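Atom set for the values below is all heavy atoms of this structure, side chains included, hydrogens, waters and symmetry mates excluded. None of the values given here were measured: they were computed from a predicted structure. Position 1 is the first residue of the sequence, and the numbers go up from there.
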Amino acid sequence: MMKMILNTNLNDTARLHALQPTDAEDIFRAIDSQRDYLGKWLPFVEFTRSVEDSVQFVTEALELPEDKKEHLFAIRVNDSFAGLIGFKDTDRMNRKTEIGYWLCEPYQGKGIMTAAVKALCDFAFQELNMNRIQIKCAVGNEPSKRIPRRLGFTFEGIERDGELLTGGIYTDIEVYSLLKLDAAPQ
């Protein structure tokens, strides 16, 4: 059985909690109220048209078989929904995973996502015994790219046309990685 972290305080006001069915409505409201802002870099925004779409996303994520389940977390600031973060495309055999994240605009620039990514890196290395974590960011998405850079990830290169954005436009993706030995205390 996979270990789970249920609640992690990121600072005095922000915390992570494991994704739960009750988060679906908040997820939809956040996406629906910031379509232009979030939709610039997040292709799923275009396809999230109703609360039912978010309910389906959460339900499918929570009902995956244990060996396929990913750790996904809501980010809350003063109990208000602020964003999502989690692992994706985890390869347990090779002990590697990717972290994906998004944060509502009013909460950006406060160190919340950097703290959340750091908490997931610690969890991945210490509890899940991962060896490699990667983060992929669209070439033009400067706020997103600052996070892996700030946390000591290594820039590996560009994945050409790595993601299909809203409107059928491909974007190049910057790939960053952090290895367990990179994160080990010196």
Chemist: Can you get from Ile85 to Leu128 by hopping between Ile, Leu, Val, Met, Phe, Trp and Tyr side chains that sit under 4.5 Å apart?
Modeler: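 Looking at the clustering, Leu128 is in the same group as Ile85.
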Chemist: Taking all atoms of both residues into account, what is the closest heavy-atom pair of Ala82 and Val77, and its distance?
Modeler: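 Reported closest heavy-atom pair: CB-CG2, 3.9 Å.
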Chemist: Taking all heavy atoms of Ala138 and all of Lys145, pick out the closest pair and write down the distance.
Modeler: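 Closest heavy-atom pair between Ala138 and Lys145: O-CD, 3.7 Å.
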Chemist: Supply the atom-to-atom distance Glu98 CD to Asp91 CG, rounded to the nearest 0.5 angstrom.
Modeler: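 Between atom CD of Glu98 and atom CG of Asp91 there are 12.0 Å.
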Chemist: Applying side-chain hydrogen bond (donor to acceptor under 3.5 Å, both in side chains) to Gln56 and Glu52, what does each step give before you reach the verdict?
Modeler: CA-CA 6 Å; Gln56 182 178 353; Glu52 290 73 30; over 6 Å; no
Chemist: If you define the side chain from C-beta out and look only at heavy atoms, does anything of Thr48 sit under 4.5 Å from Phe28?
Modeler: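 They are in contact (side-chain heavy atoms under 4.5 Å apart), so the answer is yes.
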Chemist: When you check the gap from the basic side-chain N to the acidic O, do Lys136 and Glu159 get nearer than 4.0 Å?
Modeler: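 Answer for the salt bridge query: yes.
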Chemist: Treating Asp172 as the side-chain partner and Ile158 as the backbone partner, does any N or O pair qualify as donor plus acceptor under 3.5 Å?
Modeler: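 Not at all, since once roles are kept as given, no pair shorter than 3.5 Å links the two residues.
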Chemist: Search all heavy atoms of Thr166 against all heavy atoms of Gly39 and return the closest pair with its distance.
Modeler: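 What the structure gives for the nearest pair is OG1-O, 3.3 Å.
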Chemist: To the nearest 0.5 Å, what is the distance between CD on Glu163 and CD1 on Ile173?
Modeler: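 Here the interatomic distance stands at 4.5 Å.
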Chemist: Can Glu156 and Arg132 be counted as an ion pair, charged N to O under 4.0 angstrom?
Modeler: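 Result for this pair is yes, salt bridge flagged.
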Chemist: Measure the shortest side-chain to side-chain distance between Leu19 and Phe57 over non-hydrogen atoms and say whether it is less than 4.5 angstrom.
Modeler: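 Contact flag for Leu19/Phe57 side chains = yes.
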Chemist: Identify whether Leu164 and Trp41 are in the same connected component of the hydrophobic contact network (ILVMFWY, side-chain heavy atoms under 4.5 Å).
Modeler: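 In one cluster: no.
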Chemist: Whether Lys118 and Asp122 form a salt bridge (side-chain N of Lys/Arg under 4.0 Å from carboxylate O of Asp/Glu) is what I want to check.
Modeler: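 Result for this pair is yes, salt bridge flagged.
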Chemist: Going from CD on Glu127 to CG on Leu120, what distance comes out if it is rounded to the nearest 0.5 angstrom?
Modeler: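 The CG atom of Leu120 is 12.0 Å from CD of Glu127, to the nearest 0.5 Å.
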Chemist: Considering only heavy atoms from C-beta outward, does the side chain of Thr97 approach that of Lys88 to under 4.5 Å?
Modeler: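 When only atoms from C-beta onward are counted, Lys88 and Thr97 do not touch, as no gap falls below 4.5 Å.
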Chemist: Rounded to the nearest 0.5 Å, how far does CG of Leu179 lie from CZ of Arg95?
Modeler: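 If we round to the nearest 0.5 Å, Arg95:CZ and Leu179:CG are 11.0 Å apart.
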Chemist: For a salt bridge (charged side-chain N to carboxylate O under 4.0 Å, His left out) check, start with the C-alpha distance between Asp89 and Lys96, then their side-chain angles and the critical distance, and finish with the verdict.
Modeler: CA-CA 9 Å; Asp89 301 326; Lys96 62 184 182 176; over 6 Å; no
Chemist: Does any part of the side chain of Ile133, heavy atoms only, come nearer than 4.5 Å to the side chain of Ser177, both counted from C-beta?
Modeler: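 Side chain of Ser177 against side chain of Ile133, heavy atoms only: no contact under 4.5 Å found.
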Chemist: List the atom of Gln108, the atom of Tyr37, and the distance in Å for their closest heavy-atom pair.
Modeler: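 Residues Gln108 and Tyr37, closest heavy atoms: OE1-OH, 2.6 Å.
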Chemist: For residues Tyr101 and Ile75: do they belong to one hydrophobic cluster (side chain heavy atoms under 4.5 Å, members Ile, Leu, Val, Met, Phe, Trp, Tyr)?
Modeler: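 Yes, Tyr101 and Ile75 fall within the same hydrophobic cluster.
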Chemist: Over all heavy atoms of both residues, which pair between Lys69 and Leu64 is shortest? Give the atoms and the distance, please.
Modeler: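 Minimum heavy-atom separation between Lys69 and Leu64: CE-O, 3.2 Å.
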Chemist: Rounded to the nearest 0.5 Å, what separates atom CZ in Phe44 from atom CG in Leu38?
Modeler: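 Reported to 0.5 Å precision, the distance equals 7.0 Å.
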Chemist: Does a sphere of radius 6.0 Å around CG in Asp12 hold more than 12 heavy atoms from other residues, nucleotides or ligands, not counting ones at 6.0 Å or beyond?
Modeler: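 No, CG of Asp12 has 12 or fewer neighbouring heavy atoms, counting only those of other groups under 6.0 Å.
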Chemist: Checking side-chain hydrogen bond (donor to acceptor under 3.5 Å, both in side chains) between Asp32 and each of Gln34, Arg29, Arg35, which is the one that passes?
Modeler: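 Only match with Asp32 under side-chain hydrogen bond (donor to acceptor under 3.5 Å, both in side chains): Arg35.
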Chemist: Taking all atoms of both residues into account, what is the closest heavy-atom pair of Ala24 and Ser54, and its distance?
Modeler: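 Minimum heavy-atom contact is O-CB, 3.3 Å.
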Chemist: Below 4.5 Å, heavy atoms only, C-beta onward: do Leu72 and Leu62 meet side chain to side chain?
Modeler: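 Of all side-chain heavy-atom pairs linking Leu62 with Leu72, none is under 4.5 Å.
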Chemist: Side chain to side chain contact (heavy atoms under 4.5 Å, CB included), that's the test. Do Cys121 and Phe153 meet it? Break it down for me.
Modeler: CA-CA 11 Å; Cys121 288; Phe153 280 63; 3.7 Å; yes
Chemist: Determine whether more than 12 heavy atoms belonging to other residues, nucleotides or ligands lie under 6.0 Å from atom CG of Asp36.
Modeler: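 Atom CG in Asp36 is not crowded, with 12 or fewer foreign heavy atoms closer than 6.0 Å.
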Chemist: In this structure, would Met130 and Leu151 fall into the same cluster of hydrophobic residues linked by side-chain contacts under 4.5 Å?
Modeler: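 Yes; tracing contacts between hydrophobic side chains, which count when under 4.5 Å, links both residues.
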Chemist: Checking ring pair (Phe, Tyr, Trp, His ring centres under 6.0 Å) for the pair His71/Phe123: CA distance, chi angles, key distance, verdict?
Modeler: CA-CA 10 Å; His71 295 276; Phe123 180 64; 5.0 Å; yes
Chemist: Residues in side-chain hydrogen bond (donor to acceptor under 3.5 Å, both in side chains) with Thr114, at least two apart?
Modeler: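 Thr114 satisfies side-chain hydrogen bond (donor to acceptor under 3.5 Å, both in side chains) with Arg150 only.
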Chemist: Is there a side-chain contact between Arg15 and Thr8 (heavy atoms, below 4.5 Å)?
Modeler: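 No. Closest side-chain heavy atoms not under 4.5 Å.
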Chemist: What distance do Tyr107 atom OH and Thr13 atom OG1 have between them, rounded to the nearest 0.5 Å?
Modeler: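 These two atoms lie 9.5 Å from each other.
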Chemist: Using side-chain heavy atoms (C-beta onward) and a distance below 4.5 Å, is Val55 in contact with Glu25?
Modeler: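 Heavy-atom side-chain distance check fails, nothing below 4.5 Å.
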Chemist: Please determine whether side chain to side chain contact (heavy atoms under 4.5 Å, CB included) holds for the pair Tyr176 and Thr154, giving the CA-CA distance in whole Å, both sets of side-chain angles, and the decisive distance to 0.1 Å.
Modeler: CA-CA 5 Å; Tyr176 296 87; Thr154 298; over 6 Å; no
Chemist: Applying the 4.5 Å side-chain criterion to the ILVMFWY set and letting contacts propagate, would Trp102 and Leu165 be lumped into a single cluster?
Modeler: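 Unlinked, Trp102 and Leu165 end up in two clusters.
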Chemist: So, does Arg76 use its side chain to make a donor-acceptor pair with the main chain of Ala14 at under 3.5 Å?
Modeler: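 Checking the backbone N and O of Ala14 against the side chain of Arg76, no donor-acceptor pair under 3.5 Å is found.
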Chemist: Mind checking whether Pro21 and Thr59 have side chains closer than 4.5 Å, heavy atoms only?
Modeler: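 The answer is no; the side chains never approach within 4.5 Å.
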Chemist: Hey, is the main chain of Asn141 close enough, under 3.5 Å, to the side chain of Ser144 for a donor-acceptor pair?
Modeler: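 No.
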Chemist: Would you check if the side chain of Lys180 reaches a backbone N or O of Phe125 as a donor-acceptor pair within less than 3.5 Å?
Modeler: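 Checked: pair present.
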Chemist: Look only at the side chain of Asp23 and the backbone of Gln20, and say whether a donor-acceptor pair between them is shorter than 3.5 Å.
Modeler: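 Indeed, once roles are kept as given, a pair shorter than 3.5 Å links the two residues.
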Chemist: Test your reading of the model: is there a side-chain donor-acceptor pair from Asp53 to the backbone of Arg49, 3.5 Å cut-off?
Modeler: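 At least one qualifying donor-acceptor pair exists.
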